[in-house]
Amino acid sequence: MRRFDFRFQRLLELKERSEDQRKAELGEVMAVYNRERAKLGELQQSFGAYRRAALALPDQRVDPALLGINASYLLRLQREIGEQREHLDRVESVVEDKRGKLLEATRERRVYEILKERAEEEHRREVVRQERIQLDEIGEQLYIRRGSLDAEDHSEDMPCSN
């Protein structure tokens, strides 16, 4: 019997490569997202630290120049935090886009895998059917041979009337 040959094997391999490529793209974008998120966390920590430092010194002598510098720095940190959040939102939308593309690639690959599984099952059934047909033919031939041998044995046992 011939071996199983999936006619869409090349397409399945292409879909698998496409899915792998989409996984790699998503991984790269997720790395960027994680870096940007860490950067936002650092900015928020800096903002909190400078704000707590400014509030912790009420009983000391206040230098208006330092208060102005601290207030300016806090405003700058707030602006940077806002910009970082916007940037993070853009990166997050790219992440969602890449996830969607990966999901679609996975679905496409899965369609061909299901087709392959069905084709393999059909091939297996056909192999079993062909084996049964061959076994039936062998059995039939054995039965016929035994029948002819039995007939020959019976003809030898009978006396000839010449």
Side-chain angles (χ1 to χ4, degrees), residues 1-140:
M1 187 78 200
R2 65 181 179 85
R3 68 177 186 85
F4 175 71
D5 187 28
F6 183 54
R7 65 182 174 157
F8 298 119
Q9 185 63 38
R10 180 80 175 124
L11 284 173
L12 176 60
E13 291 168 1
L14 289 172
K15 297 299 180 184
E16 287 171 346
R17 274 190 241 132
S18 174
E19 182 183 19
D20 290 343
Q21 181 181 1
R22 302 259 193 253
K23 283 179 184 177
E25 290 172 1
L26 178 61
E28 290 172 5
V29 174
M30 284 300 297
V32 170
Y33 176 77
N34 290 335
R35 276 195 309 269
E36 296 301 320
R37 192 168 173 189
K39 195 176 193 181
L40 176 63
E42 291 170 5
L43 287 171
Q44 289 173 332
Q45 284 179 343
S46 293
F47 181 79
Y50 275 92
R51 189 165 183 169
R52 281 189 300 277
L55 296 175
L57 304 173
D59 57 340
Q60 295 180 355
R61 192 173 69 103
V62 178
D63 185 1
L66 288 177
L67 282 178
I69 291 172
N70 192 35
S72 295
Y73 185 66
L74 287 174
L75 286 174
R76 184 176 139 225
L77 280 176
Q78 281 180 324
R79 187 180 68 249
E80 285 181 12
I81 288 171
E83 291 171 356
Q84 188 64 23
R85 282 187 177 142
E86 290 173 7
H87 181 66
L88 196 59
D89 288 342
R90 288 190 300 271
V91 172
E92 190 172 7
S93 69
V94 172
V95 166
E96 290 305 315
D97 180 54
K98 296 292 182 183
R99 273 192 186 127
K101 288 180 179 180
L102 174 60
L103 185 60
E104 183 63 30
T106 301
R107 283 185 188 135
E108 289 176 4
R109 176 194 48 83
R110 188 66 188 130
V111 165
Y112 286 98
E113 280 184 348
I114 290 170
L115 286 174
K116 183 176 182 177
E117 289 168 2
R118 288 180 182 169
E120 284 175 335
E121 180 64 25
E122 183 61 33
H123 176 76
R124 188 189 61 74
R125 277 194 227 123
E126 182 62 25
V127 166
V128 168
R129 189 178 78 77
Q130 291 296 326
E131 287 175 355
R132 284 186 183 151
I133 289 172
Q134 287 176 348
L135 289 174
D136 286 347
E137 287 175 3
I138 292 170
E140 186 176 322

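Remember, predicted model here, so these are calculated numbers, not experimental data.
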Gln130 and Gln134: side chain donor to acceptor below 3.5 Å: no
Atom pair CD/CZ of Gln44 and Arg51 - distance to nearest 0.5 Å: 13.0 Å
Backbone N/O of Gly68 and side chain of Ser72: donor-acceptor pair under 3.5 Å: yes
Pair Glu42 + Lys39: basic N to acidic O under 4.0 Å: no
Gap between atom CG of Leu103 and atom CD of Glu108 - 0.5 Å precision: 10.5 Å
Heavy-atom neighbours of Glu140 CD exceed 12 at 6.0 Å: no
Min side-chain heavy-atom separation Glu25-Val29 under 4.5 Å: no
Spacing of Arg79 atom CZ and Leu43 atom CG [to the nearest 0.5 Å]: 11.5 Å
Considering all heavy atoms, the nearest Leu26-Lys98 contact: CD1-CB, 3.8 Å
Sub-4.5 Å side-chain heavy-atom contact between Arg118 and Glu122: no
Side-chain heavy atoms of Glu120 within contact of Lys116, under 4.5 Å: yes
Spacing of CD belonging to Glu96 relative to OH belonging to Tyr33, to within rounding of 0.5 Å: 9.0 Å
Contact check, side chains of Leu74 and Gln78, non-hydrogen atoms, under 4.5 Å: no
Approximate separation, where rounding is to 0.5 Å, of His87 NE2 and Arg90 CZ: 6.5 Å
Within residues 68-78 or reaching into it, pairs that qualify as salt bridge (charged side-chain N to carboxylate O under 4.0 Å, His left out) - sequence neighbours excluded: Arg76-Glu80
Any Val111 side-chain heavy atom under 4.5 Å of Arg107 side chain: no
Distance, nearest 0.5 Å, that separates CG of Leu14 from CZ of Arg10: 4.5 Å
Salt bridge (Lys or Arg N to Asp or Glu O under 4.0 Å) between Arg22 and Glu19, intermediate numbers included: CA-CA 5 Å; Arg22 302 259 193 253; Glu19 182 183 19; over 6 Å; no
Audit row: Arg132, Val128, side-chain contact (heavy atoms from CB on, under 4.5 Å) steps and yes/no: CA-CA 6 Å; Arg132 284 186 183 151; Val128 168; 3.9 Å; yes
Residue pair Leu88 / Glu92, side-chain heavy-atom distance below 4.5 Å: no
Lys15 side chain reached by Arg110 side chain, heavy atoms, under 4.5 Å: no
Validation row: Glu113, Glu16 side chains within 4.5 angstrom (heavy atoms): yes
Heavy-atom donor-acceptor pair, Gln84 side chain to Glu36 backbone, under 3.5 Å: yes
Flag, side chain of Asp97 to backbone of Ser93, donor-acceptor distance under 3.5 Å: no
Plane angle bin for Phe6 and Phe8 - parallel if under 30°, tilted between 30 and 60°, otherwise perpendicular: perpendicular
Neighbour count above 12 (heavy atom, 6.0 Å) for Phe47 CZ: yes
